[in-house]
Engineer: 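Structure incoming, see below.
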Amino acid sequence: SLSIITTDDTFLWKLPWHHWDFCKAYTHCVESFSKSHIQANLQQRLRANGRVDILAIWGHAPELELAKDLAALQQPRARLTHCQPKSAIDISDTFIKQPQIRILFFGGHGKTIELELEANIQSIGTIYLDKDTPISISKIKADLKQAIERGLQIAIFNCCSGLGLAQELADLNLPYLVVMRSQIPDKLAQQFCQDLLSRYSQGGDFTTAFHYARGQLIPRTNRDDEFESWLPMLVHNPQSNRVTWADLSRSWWQLPARP
């Protein structure tokens with residue numbers, strides 16, 4: 001089951017909700033987040049080719065084993081396009097060339113910058129395309145919005161400190177967005193994505209796969225505080241359809257209505 005925490009107070013997004021008594025009592029419950037003003041996306045009907053189109057964007061991170069992220073994306077019926085852009089303009093060009101993206105994946109480094117504006121804290125999500133210069137996710141927000149209108153269903157940012165990304169992208173009404181709240185060891189991040197996509201491609205909905213993959217982090221940490229299990233965060237648009245892996249590869253992009 002899915003428990004959606006709807007609030008515009010993004011401070012509440014930082015809390016370890018998986019320790020909530022409700023989630024402990026209902027062990028299959030998955031908490032997700034959304035802002036209060038959300039709506040369903042009107043998607044165009046596009047002819048696809050029976051494949052799940054995935055766009056992987058790689059940041060400059062030679063110390064990370066991004067090859068393992070790449071292996072995690074190679075699931076049944078997946079058609080993978082990947083790029084290592086140098087600027088936000090390069091990303092925009094890639095979106096134009098790949099109009100049928102169903103899953104967007106970013107692997108590399110990220111950072112949340114917090115600015116104090118008139119007694120309010122604004123979180124700015126950034127990703128690193130090179131080793132020195134972060135770019136604000138707002139620079140490609142319009143491209144993401146258009147991709148969602150064309151059928152983008154899932155975005156996974158496998159990078160540290162993604163809370164700012166979640167807060168900035170939540171108002172795009174993307175069906176599913178996964179980020180890491182804080183810093184996460186590279187091996188755990190890789191294994192989480194492997195478990196998530198492998199489970200999802202076997203059938204079932206995305207939230208069930210997310211719950212499984214996050215649960216697998218606990219035995220790997222060898223810790224009692226379950227800290228790492230708190231790191232992956234799911235932002236969900238409750239007005240969107242639940243989609244399986246098979247739905248993403250439908251011959252016509254016309255999702256079935258589901259409760």
Side-chain angles (χ1 to χ4, degrees), residues 40-59 66-86 88-108 127 129 137 139-159 162 165 169 172-179 190 192-210 213 234-237 240-256 258:
N41 290 303
L42 298 177
Q43 296 167 349
Q44 301 174 5
R45 294 178 67 195
L46 299 177
R47 182 174 291 280
N49 61 357
R51 297 283 184 177
V52 177
D53 285 287
I54 302 174
L55 173 61
I57 298 175
W58 308 110
L66 296 180
K68 292 187 176 180
D69 289 337
L70 176 60
L73 295 172
Q74 295 172 338
Q75 300 296 330
R77 297 195 301 277
R79 183 172 70 172
L80 180 63
T81 301
H82 51 97
C83 64
Q84 190 168 1
K86 302 298 182 184
I89 294 176
D90 290 344
I91 297 177
S92 298
D93 290 342
T94 303
F95 275 115
I96 293 172
K97 295 175 183 177
Q98 303 294 328
Q100 297 186 22
I101 301 167
R102 300 293 176 257
I103 299 175
L104 171 67
F105 182 92
F106 173 79
I127 56 176
L129 299 183
I137 198 65
K139 290 188 176 181
I140 62 170
K141 202 169 179 179
D143 301 295
L144 285 170
K145 182 175 177 59
Q146 292 178 4
I148 293 167
E149 292 171 352
R150 294 194 296 262
L152 176 66
Q153 294 292 298
I154 299 166
I156 302 170
F157 286 85
N158 194 22
C159 59
L165 298 173
L169 298 181
L172 291 181
N173 302 312
L174 178 67
Y176 298 100
L177 168 66
V178 175
V179 303
Q190 293 165 357
F192 171 78
C193 288
Q194 177 65 51
D195 290 337
L196 172 67
L197 293 170
S198 176
R199 189 77 166 195
Y200 184 44
S201 68
Q202 293 174 21
D205 61 31
F206 189 75
T207 56
T208 302
F210 177 87
L234 177 63
V235 180
H236 172 57
N237 175 5
S240 62
N241 288 283
R242 292 186 301 155
V243 292
T244 65
W245 187 264
D247 290 330
L248 298 181
S249 61
R250 289 169 64 87
S251 295
W252 280 92
W253 188 244
Q254 186 179 27
L255 295 180
R258 294 181 178 170

Engineer: Please name the residue in the list Arg79, Arg77, Arg102 that meets the side-chain hydrogen bond (donor to acceptor under 3.5 Å, both in side chains) test with Asp53.
Structural biologist: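 The passing option is Arg79.
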
Engineer: State which residues pass salt bridge (Lys or Arg N to Asp or Glu O under 4.0 Å) with Lys86; sequence neighbours excluded, sorted by chain then number.
Structural biologist: none

Engineer: In sequence, state the C-alpha distance, the side-chain angles, and the governing distance for Leu73 and Leu197, and then conclude on side-chain contact (heavy atoms from CB on, under 4.5 Å).
Structural biologist: CA-CA 7 Å; Leu73 295 172; Leu197 293 170; 3.5 Å; yes

Engineer: Students often mix this up, so state it plainly: with edges at 30° and 60°, are the rings of Phe210 and Phe192 parallel, tilted or perpendicular?
Structural biologist: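 Rings of Phe210 and Phe192: perpendicular, over 60°.
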
Engineer: Return the set of residues passing side-chain hydrogen bond (donor to acceptor under 3.5 Å, both in side chains) with Gln84 (not counting sequence neighbours), or none when no residue passes.
Structural biologist: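 side-chain hydrogen bond (donor to acceptor under 3.5 Å, both in side chains) check on Gln84 returns nothing, list empty.
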
Engineer: Kindly write out the residues that satisfy side-chain hydrogen bond (donor to acceptor under 3.5 Å, both in side chains) with Thr208, not counting sequence neighbours, or none if the list is empty.
Structural biologist: Asp205

Engineer: Compare every heavy atom of Asp143 with every heavy atom of Ser92, then report the nearest pair and how far apart it is.
Structural biologist: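 So the two residues come closest at OG-OD2, 2.7 Å.
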
Engineer: What distance separates Trp245 CH2 from Ile103 CD1, expressed to the nearest 0.5 Å?
Structural biologist: 4.0 Å

Engineer: How long is the gap from CD1 on Ile154 to CD1 on Ile148, to the nearest 0.5 Å?
Structural biologist: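 The CD1 atom of Ile148 is 12.0 Å from CD1 of Ile154, to the nearest 0.5 Å.
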
Engineer: To the nearest 0.5 Å, tell me how far Asn237 CG sits from Leu174 CG.
Structural biologist: 8.0 Å

Engineer: Determine the minimum heavy-atom distance between Ala78 and Arg51, stating which atoms define it.
Structural biologist: O-NH1, 4.4 Å

Engineer: CD1/Ile91 to CZ/Phe95 distance, rounded to the nearest 0.5 angstrom?
Structural biologist: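 Rounded to the nearest 0.5 Å, the CD1-CZ separation comes to 7.0 Å.
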
Engineer: Do Asn173 and Ser240 touch side chain to side chain, with heavy atoms closer than 4.5 Å?
Structural biologist: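 Result no, sub-4.5 Å side-chain heavy-atom pair not found.
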
Engineer: So, the side chain of Asp247 versus the backbone of Thr244: is there a donor-acceptor pair under 3.5 Å, distance only?
Structural biologist: yes

Engineer: Working note: Phe206 + Val243, criterion side-chain contact (heavy atoms from CB on, under 4.5 Å); need CA distance, chi angles, decisive distance, verdict.
Structural biologist: CA-CA 7 Å; Phe206 189 75; Val243 292; 5.8 Å; no

Engineer: Measure across Ser201 and Gln75 and return the closest heavy-atom pair with its distance rounded to 0.1 Å.
Structural biologist: OG-OE1, 3.2 Å

Engineer: If you round to the nearest 0.5 Å, how far is SG of Cys193 from CZ of Phe105?
Structural biologist: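 Between atom CZ of Phe105 and atom SG of Cys193 there are 4.5 Å.
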
Engineer: Would you name the heavy atoms of Lys97 and Pro99 that are closest together and state the gap between them?
Structural biologist: O-CD, 3.3 Å

Engineer: Could you give the distance from CH2 (Trp58) to SG (Cys83), rounded to the nearest 0.5 Å?
Structural biologist: 10.0 Å

Engineer: Considering all heavy atoms of both residues, which atom of Leu80 and which atom of Ala56 are nearest to each other, and what is their separation?
Structural biologist: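 Taking Leu80 first and Ala56 second, the nearest heavy atoms are CD1-CB, 3.9 Å.
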
Engineer: May I have the step-by-step check of side-chain contact (heavy atoms from CB on, under 4.5 Å) for Ile156 and Val179, ending in yes or no?
Structural biologist: CA-CA 6 Å; Ile156 302 170; Val179 303; over 6 Å; no

Engineer: With a 4.5 Å cut-off on side-chain heavy atoms, are Leu55 and Thr94 touching?
Structural biologist: yes

Engineer: Please lay out, stage by stage, how Leu169 and Val235 fare under the test side-chain contact (heavy atoms from CB on, under 4.5 Å).
Structural biologist: CA-CA 9 Å; Leu169 298 181; Val235 180; over 6 Å; no

Engineer: To check you understand the geometry: which heavy-atom pair defines the closest contact between Leu152 and Leu104, and what is its length?
Structural biologist: CD1-N, 3.7 Å

Engineer: Is it the case that more than 12 heavy atoms not belonging to Lys141 sit under 6.0 Å from its NZ atom?
Structural biologist: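 Yes, NZ of Lys141 has more than 12 neighbouring heavy atoms, counting only those of other groups under 6.0 Å.
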
